[in-house]
Chemist: 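Sharing a structure below in structure tokens format, with a few things to ask.
Here is how names work: the chains are called A, B, and so on, in the same order as the sequence lines, proteins then strands, and each is numbered from 1.
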Amino acid sequence: MTNLEIARVFRQVAELLELQGEDHFRVEAYRRVANNIETTSENLLYFHDRDALRRIPGVGEGIAAKIDELIETGRLRYLEELQAQVPPGLPQLLEIPGLGPKKVRALWEQLGITNIDELEAAAKAQKIRHLPGMGAKTEQNILKGIERFRAHQERMRLGDALPYAEQLMEALRQAAGAALERIEIAGSARRRLETVGDLDFVATAADPERVMEAFVHLPQVSEVRLHGPTRSTITTTAGFNVDLRIVPAESFGSLLQHSTGSKAHNIRLRELAQRRGVSISEYGITDADSGDRLLAAADECEVYAFLDLPCIPPELREDRGEFEAAANGTLPHLLELEQIRGDLHAHTSYSDGACSVAEMGDAAQALGYQYLALTDHSPSLDVAHGLSVERLLQRAEEIDDYNAGQKRFRLLNGTETDIRADGSLDYPEEILEQLDVVVASVHTRFGMKREEMTDRIVKALDSGHVDVLGHPTGRLINRRDPYEVDLGRVLEAAKRADAAVEINAFPDRLDLRDVDARAAKELGVRLAIGSDAHHTQHLPLLRYGVYTARRAWLEPDDVLNTRSADELLRLLGKQ
DNA sequence: GCCGTTTTCGGCCCGACTGTTTTCAGTCG
Ligand SMILES: Nc1nc2c(ncn2[C@H]2C[C@H](O)[C@@H](COP(=O)(O)OP(=O)(O)OP(=O)(O)O)O2)c(=O)[nH]1
Ligand SMILES: [Mg+2]
Ligand SMILES: [Mg+2]
Ligand SMILES: [Zn+2]
């Protein structure tokens with residue numbers, strides 16, 4: 001059982017309780033714990049006792065016992081009891097935008113509606129308007145909501161979201177002209193979360209009304225969901241929601257802080273404020289008793305400063321220890337893109353890349369790098385034109401020729417060797433020993449059992465020839481789940497072997513993910529950031545790996561490729 | 001259901017928009 005599966009169980013419990021009219025805070029307790037379990041790196045299977053479980057925030061006596069039951073039996077009787085009390089199609093109604101627990105419960109109890117089809121029929125037959133608090137508009141909104149539910153979009157990858165956000169901001173600047181003063185992206189995109197559910201913009205305006213009008217009339221808009229004086233929400237033609245909030249300039253920092261979130265972070269911050277007798281909102285800070293405004297933050301850091309905290313970087317705002325670190329003065333000095341000296345994962349046209357050795361080298365230099373590791377695929381990966389030993393040697397000559405003409409840059413002669421099903425590497429030892437950088441990755445047999453996959457990867461690391469474990473979980477965001485593996489044991493093996501583990505920066509991968517890279521650091525394992533470029537144009541995607549590294553609390557020393565070429569090769573034992 | 005330098009019981013963030021309602025409940029961010 002994976003942490004994600006356990007998290008899903010508790011989300012189901014939350015929904016079922018909610019539909020029975022259970023206390024909101026009890027429901028939210030299950031949701032909160034589900035989020036915290038999903039973002040726990042170590043598999044709960046390997047937590048040895050209840051005390052260890054209870055160190056997960058939000059896990060108390062009751063939930064620890066339920067996790068135990070899930071791990072021991074794969075089932076949760078409490079969930080089954082709740083399921084017996086609620087029609088199976090009912091929880092799905094909660095996913096319809098505009099429908100929450102109160103309305104769904106009323107529809108169920110008073111009209112006997114138990115699934116989406118029945119809901120649609122009731123709305124069309126105009127039966128819903130007779131319920132208290134509902135009317136003809138409610139029926140229309142339910143029908144629209146069902147359409148939206150059926151057209152439901154998955155979360156957008158950050159790599160798509162950030163460029164799209166830039167485009168939208170530019171479009172709005174054009175459309176609103178001088179009426180728009182300042183606009184920034186907030187929400188999960190600003191926190192650089194690997195996927196984003198929507199785009200959240202915050203702005204100030206000389207003429208807020210005009211800006212709102214311009215926003216809801218952008219050509220990219222397919223539907224206006226909300227349209228108020230300080231906040232509007234639109235759906236784009238691509239089916240994606242975009243929020244815009246506007247506040248007076250003196251409150252911009254308060255709004256940016258609020259809209260950057262995360263929700264959990266905001267709640268923690270506001271609780272800290274409460275204890276000091278003040279109240280934080282997106283407009284500023286007020287005295288909890290008198291309501292007098294004490295601060296309107298033009299800069300978001302003023303909000304933290306008011307609570308005697310240093311400013312917390314957006315990437316850390318997840319309520320995963322950043323408040324404790326801020327209070328202790330132990331916030332990390334996060335990695336910056338400018339500190340990256342080179343890229344440790346790239347392909348050329350020798351394997352499945354699109355560009356030549358020289359083209360990749362030139363492009364890396366244009367980015368200001370001191371080195372680029374060319375890590376083409378190995379023989380058994382014939383779909384990716386893996387290099388035979390002969391071709392590998394041929395490429396080495398081409399790399400030498402290229403380097404001969406360079407003063408402050410070098411191409412590193414590397415490989416991304418396949419970790420074969422039996423855990424062996426895909427080149428003879430004497431070949432691997434000649435290479436500057438050996439990245440080793442799993443590309444086949446993703447369906448292996450957890451133990452088998454773990455043994456496979458550990459064996460590869462134990463060979464002593466691996467410098468970097470490539471994309472360690474094999475996931476493709478929105479397309480392929482990570483393979484099942486005991487990451488804790490893999491990280492221990494990497495530590496023993498003095499191998500780094502990769503943050504593969506390609507936006508489809510981001511592998512390791514943030515919380516796993518953080519666990520690696522905490523175990524004392526070094527990270528390597530690689531773009532996995534298959535084209536010169538992919539090289540700049542490395543920045544997404546830096547974002548993930550920042551979300552993992554990484555500092556420059558934790559990352560292999562903040563080192564100079566010489567230092568890097570020394571660390572890898574190549575000099 | 002969880003949690004505690006003011007609590008082991010009694011709180012649990014705060015505000016915008018909509019549609020229904022004559023003052024607010026529900027939903028969402
Ligand atoms: N104080 C407070 N702020 C919230 C709440 N819900 C959302 N926010 C703030 C923090 C969020 O980052 C921000 C934007 O809300 P979203 O629902 O778009 O969440 P976010 O962008 O973090 O994640 P997403 O990828 O869109 O699902 O609004 C809440 O319940 N309370
Ligand atoms: Mg968002
Ligand atoms: Mg939003
Ligand atoms: Zn690969």
Chemist: Specify the closest pair of heavy atoms between L99(A) and L93(A), including all atoms of both residues, with the distance to one decimal.
Modeler: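 Here L99(A) and L93(A) meet closest at CB-O, 3.7 Å.
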Chemist: Among dG15(B), dT18(B), dG1(B), which is the nearest nucleotide to the side chain of S281(A)?
Modeler: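 Output: dG15(B).
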Chemist: Between dG15(B), dT18(B), dT20(B), spot the one nearest the side chain of K137(A), thanks.
Modeler: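 Shortest atom-to-atom distance from the side chain points to dT20(B).
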Chemist: Considering only dC13(B), dG29(B), dC17(B), which nucleotide approaches the side chain of E271(A) most closely?
Modeler: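 Out of dC13(B), dG29(B), dC17(B), the nucleotide with an atom closest to E271(A)'s side chain is dC13(B).
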Chemist: Hey, does R268(A) reach any base, or is it just sugar-phosphate, or nothing, if we go heavy atoms under 4.0 Å?
Modeler: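 The answer is nothing, as R268(A) stays clear of every strand by at least 4.0 Å.
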Chemist: Give the nucleotide from the list dC12(B), dG29(B), dA16(B) with an atom nearest to the side chain of Y283(A).
Modeler: dA16(B)
Chemist: Separation of E139(A) atom CD from dT18(B) atom P, in whole Å?
Modeler: 20 Å
Chemist: Can you tell me, in whole Å, how much space there is between the C1' of dT8(B) and that of dG1(B)?
Modeler: 14 Å
Chemist: Under 3.5 Å, is there a donor-acceptor pair between the R225(A) and T235(A) side chains?
Modeler: yes
Chemist: Which nucleotide wins on minimum distance to the side chain of R231(A), given the candidates dG1(B), dG26(B), dA16(B)?
Modeler: dA16(B)
Chemist: Can you see if the side chain of S259(A) gets near the phosphate of dG29(B) - specifically, an N or O under 4.0 Å from OP1 or OP2?
Modeler: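 Result: no.
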Chemist: Suppose we define a pair by two distances each less than 3.5 Å, Watson-Crick or G-U wobble; what does dG10(B) pair with here?
Modeler: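 Base partner found: dC3(B).
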Chemist: Provide, to the nearest angstrom, the distance between the CG atom belonging to N36(A) and the C1' atom belonging to dG1(B).
Modeler: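 Result: 13 Å.
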Chemist: Using heavy-atom distances to pick each residue's nearest nucleotide on DNA chain B, tell me which of T233(A) and L17(A) is more 5'.
Modeler: L17(A)
Chemist: Just call it for V59(A): base, sugar-phosphate, or nothing, with non-hydrogen atoms closer than 4.0 Å on any strand.
Modeler: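 Sugar-phosphate contact only - V59(A) comes under 4.0 Å of backbone atoms but never of a base.
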Chemist: To the side chain of D200(A), which of dG29(B), dA16(B), dC17(B) is closest?
Modeler: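 Closest of the options to the side chain of D200(A): dG29(B).
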Chemist: At under 4.0 Å between heavy atoms, what does P101(A) touch on the DNA or RNA strands: base, sugar-phosphate, or nothing?
Modeler: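 The answer is sugar-phosphate, as P101(A) gets under 4.0 Å only of primed atoms, P, OP1 or OP2.
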Chemist: Can you name the one residue among R26(A), R31(A), K103(A), K102(A) that meets salt bridge (charged side-chain N to carboxylate O under 4.0 Å, His left out) with E18(A)?
Modeler: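 Considering R26(A), R31(A), K103(A), K102(A), a salt bridge (charged side-chain N to carboxylate O under 4.0 Å, His left out) with E18(A) is found only for R31(A).
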Chemist: Does dG19(B) have OP1 or OP2 sitting under 4.0 Å from an N or O in the side chain of T138(A)?
Modeler: no
Chemist: Keeping E322(A) on the side-chain end and D319(A) on the backbone end, is there a donor-acceptor pair under 3.5 Å?
Modeler: yes
Chemist: Distance check needed: dC12(B) P versus D23(A) CG, whole Å only.
Modeler: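 Checked: the CG to P distance equals 12 Å.
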Chemist: Where the side chain of T230(A) is defined as all heavy atoms beyond and including C-beta, which of dA16(B), dT27(B), dC13(B) is the nearest nucleotide?
Modeler: dA16(B)
Chemist: Pick base, sugar-phosphate or nothing for S279(A), based on heavy-atom distances below 4.0 Å to the nucleic acid.
Modeler: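 If one applies the 4.0 Å heavy-atom cut-off, S279(A) turns out to touch the sugar-phosphate alone, with no base involved.
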Chemist: Tell me: CD1 of I56(A) to P of dC2(B), nearest whole Å?
Modeler: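 In whole Å, dC2(B) P lies 12 Å from I56(A) CD1.
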Chemist: Which heavy atom of A34(A) sits nearest to which heavy atom of R11(A), and what is that distance?
Modeler: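 Here A34(A) and R11(A) meet closest at CB-CG, 3.7 Å.
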Chemist: Regarding Q85(A) and E81(A), is there a side-chain donor-to-acceptor distance under 3.5 Å anywhere?
Modeler: no
Chemist: Nearest heavy atom decides the nucleotide; on that basis, is I267(A) or R225(A) closer to the 5' end of DNA chain B?
Modeler: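 Checking each residue's closest nucleotide, the 5'-ward one belongs to I267(A).
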Chemist: Report yes if at least one side-chain N or O of R26(A) is closer than 4.0 Å to OP1 or OP2 of dG1(B); otherwise report no.
Modeler: yes
Chemist: K263(A) NZ to dC12(B) P: how many Å, rounded?
Modeler: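 Computing the K263(A):NZ to dC12(B):P distance gives 16 Å.
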Chemist: Is the ring centre of H258(A) less than 6.0 Å from the ring centre of Y283(A)?
Modeler: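 No: the rings miss the under 6.0 Å criterion.
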Chemist: Taking CD1 from I67(A) and P from dC2(B), how many angstroms apart are they, rounded to a whole number?
Modeler: 9 Å
Chemist: Starting at CG of N141(A) and ending at P of dT18(B), how long is that distance when rounded to a whole Å?
Modeler: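 So the CG-P distance, N141(A) to dT18(B), works out to 10 Å.
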Chemist: Please give, in whole Å, the distance from dG29(B) C1' to N241(A) CG?
Modeler: 11 Å
Chemist: Pick base, sugar-phosphate or nothing for A106(A), based on heavy-atom distances below 4.0 Å to the nucleic acid.
Modeler: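 The residue A106(A) makes no contact with any strand.
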Chemist: Where the side chain of R275(A) is concerned, which of dT5(B), dG26(B), dG15(B) is the nearest nucleotide?
Modeler: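 Given the options dT5(B), dG26(B), dG15(B), the side chain of R275(A) is closest to dT5(B).
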Chemist: Between Q274(A) and dG11(B), does any side-chain N or O lie under 4.0 Å from OP1 or OP2?
Modeler: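 No, because none of the side-chain N or O atoms of Q274(A) sits under 4.0 Å from OP1 or OP2 of dG11(B).
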Chemist: Apply the syn/anti split at 90° from 0 to dT6(B) and say which one it is.
Modeler: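 dT6(B): anti glycosidic orientation.
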Chemist: Can you identify which nucleotide, out of dC12(B), dG29(B), dA16(B), has its nearest atom closest to the D243(A) side chain?
Modeler: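 The nucleotide sitting nearest to the side chain is dG29(B).
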Chemist: Just to confirm, is there a sub-4.0 Å distance from OP1 or OP2 of dG19(B) to any side-chain nitrogen or oxygen of Q140(A)?
Modeler: no
Chemist: Determine the contact category for H227(A): base if any of its heavy atoms lies under 4.0 Å from a base atom, sugar-phosphate if only primed atoms, P, OP1 or OP2 are that close, otherwise nothing.
Modeler: sugar-phosphate
